[in-house]
Visitor: 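First the structure, then my questions, so here it is.
Quick note: numbers below take in every heavy atom, side chains included, and nothing from hydrogens, waters or symmetry partners. Numbering of ligands and ligand atoms starts at 1, following listing order.
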Amino acid sequence: MSNTKINTAEMQALDAAHHLHPFTNTGALNKKGARVITNADGVYLWDSEGNKILDGMAGLWCVNMGYGRKELTAAATAQMEELPYYNTFFQTTHTPAAKLAEAVASVTPGDLNHIFFANSGSEAIDTIIRMVRQYWCIKGKPYKNILIARENAYHGSTVGGTSLGGMGGMHKQGAPLLPGIERIRQPYWYGEAGDMSEEEFGIACAKALEEKILAVGPDNVAAFVGEPIQGAGGVIVPPANYWAEIQKICKKYDVLVAADEVICGFGRTGNWFGSETFGITPDIISMAKGLSSGYLPIAAVAVGDRIANALIEHDDDFNHGFTYSGHPVAAAVAIENIRLMKEENIVEYVGKEIGPYFQQQLREVLGEHPLVGHIEGVGLVAGIALVKDKATKTFFPDDIDIGFICREHCFNNGLIMRAVGSRMVLSPPLVITKAEVDELVQKAKLCFDLTLESAAAL
Ligand SMILES: *Cc1c(COP(=O)(O)O)cnc(C)c1O
């Protein structure tokens with residue numbers, strides 16, 4: 001399947017001359033040359049040098065049904081020919097938007113039965129920010145507009161998403177941020193709990209929310225926003241009691257709960273949504289990545305009855321939306337993606353079969369490795385903490401970028417794993433087989449061995 005017709009050096013030169021990359025030191029990249037990906041099938045990618053690479057990240061946590069799905073391409077082609085575009089602003093709709101709203105509502109938990117479309121996770125988050133604030137305005141409480149989120153959360157890269165997220169590196173650039181956002185500590189047990197048990201730490205982190213609500217005044221807090229599992233923050237799985245406590249506190253102070261399901265949604269944790277895995281009953285959720293398996297950009301906000309009814313009964317426009325909200329071609333692909341997921345029972349496969357196997361193999365093959373301090377994950381998402389000394393839980397000093405070293409070894413040995421600081425993260429396509437999981441885990445072991453050698457040589 002390799003595509004050797006592409007001239008790597010030529011493509012790298014073009015890229016360096018004109019392409020500014022997201023989340024990248026472009027100057028450094030230009031000196032080295034970007035890796036050119038040419039084609040893909042199933043869980044594998046090929047680059048312009050003919051290397052076959054196992055994609056342990058499903059692109060960017062999104063290619064859930066795997067590469068090369070003819071059903072998705074066919075859905076796009078057919079819709080492209082029938083109606084490539086029309087808007088949904090001015091009292092119009094079309095079949096893909098109406099049918100996708102129904103399809104999404106058929107898989108969302110609880111009373112999240114109304115769907116607002118956007119084109120990216122960031123836009124979905126911006127929609128949540130504006131919609132929950134508008135909700136409280138409709139309810140006669142315009143002052144109830146503060147959003148509480150968490151340190152090291154990722155909610156996207158628009159001004160709204162950056163402001164809501166808790167990424168220090170992002171906050172340093174493009175300031176000032178949006179006002180009306182407060183943050184609390186993240187529930188990162190392995191890294192930040194000290195001597196506390198998981199249970200004690202779960203309570204302590206939820207307590208931080210209560211303290212923050214009381215500090216700013218319950219009548220000023222619109223919503224708490226959190227990812228069921230923090231993804232881009234390094235795959236941080238909260239203690240088992242955490243979300244139930246959070247939910248209780250939000251209820252007590254009448255604070256809305258917004259779950260950012262952009263990664264957890266669409267089967268990643270073994271249920272359709274991470275909210276089900278963690279027992280969250282959100283008032284509103286954002287979704288994107290897995291919605292179309294990344295084949296086309298599309299996102300959605302699922303809105304519970306409380307907020308949806310307020311918007312519907314309020315006799316005024318909601319002045320928000322995007323030119324491509326509910327884009328027919330992207331919607332057609334998402335409809336087909338959901339149909340395929342149901343037909344192949346993929347969520348059950350992740351929850352009962354491949355997810356548990358993946359988690360068990362990671363722990364069995366990598367758990368004892370001297371570099372591995374801790375492994376956490378649910379379903380087909382995992383975070384692995386790399387440490388200098390396992391017994392004393394000593395992290396590498398700041399001047400050794402162990403994650404970067406490990407990621408390079410992975411790249412050079414046919415595996416894509418992402419590094420978040422010193423944490424290695426995995427989020428493979430949901431269609432991965434047991435044999436492919438075995439291959440992934442064996443490759444990871446080899447790369448951890450090489451990383452250990454590199455670290456010793458420093
Ligand atoms: C990726 C991500 C976003 C942003 O989505 P984009 O499509 O990149 O704008 C928001 N929230 C979470 C949890 C994400 O993982």
Visitor: Grab the two heavy atoms, one from Glu182 and one from Lys212, that are nearest each other, plus how far apart they are.
Guide: OE1-NZ, 3.2 Å
Visitor: Tell me, yes or no, whether the heavy-atom count around Glu71 atom CD, taken from other residues, nucleotides or ligands under 6.0 Å, exceeds 12.
Guide: yes
Visitor: Any cation-pi pair here, Lys52 with Trp46, using under 6.0 Å and within 45°?
Guide: no
Visitor: What does the 4.0 Å heavy-atom contact list look like for ligand 1?
Guide: Ser120, Gly121, Ser122, Tyr154, His155, Gly156, Glu227, Asp260, Val262, Ile263, Lys289
Visitor: Less than 4.5 Å apart, any side-chain heavy atom of Ile53 and any of Arg35?
Guide: yes
Visitor: Between Asn241 and Glu245, is any side-chain donor less than 3.5 angstrom from a side-chain acceptor?
Guide: no
Visitor: Please tell me whether Arg423 and Tyr188 have a donor and an acceptor in their side chains that are separated by less than 3.5 angstrom.
Guide: yes
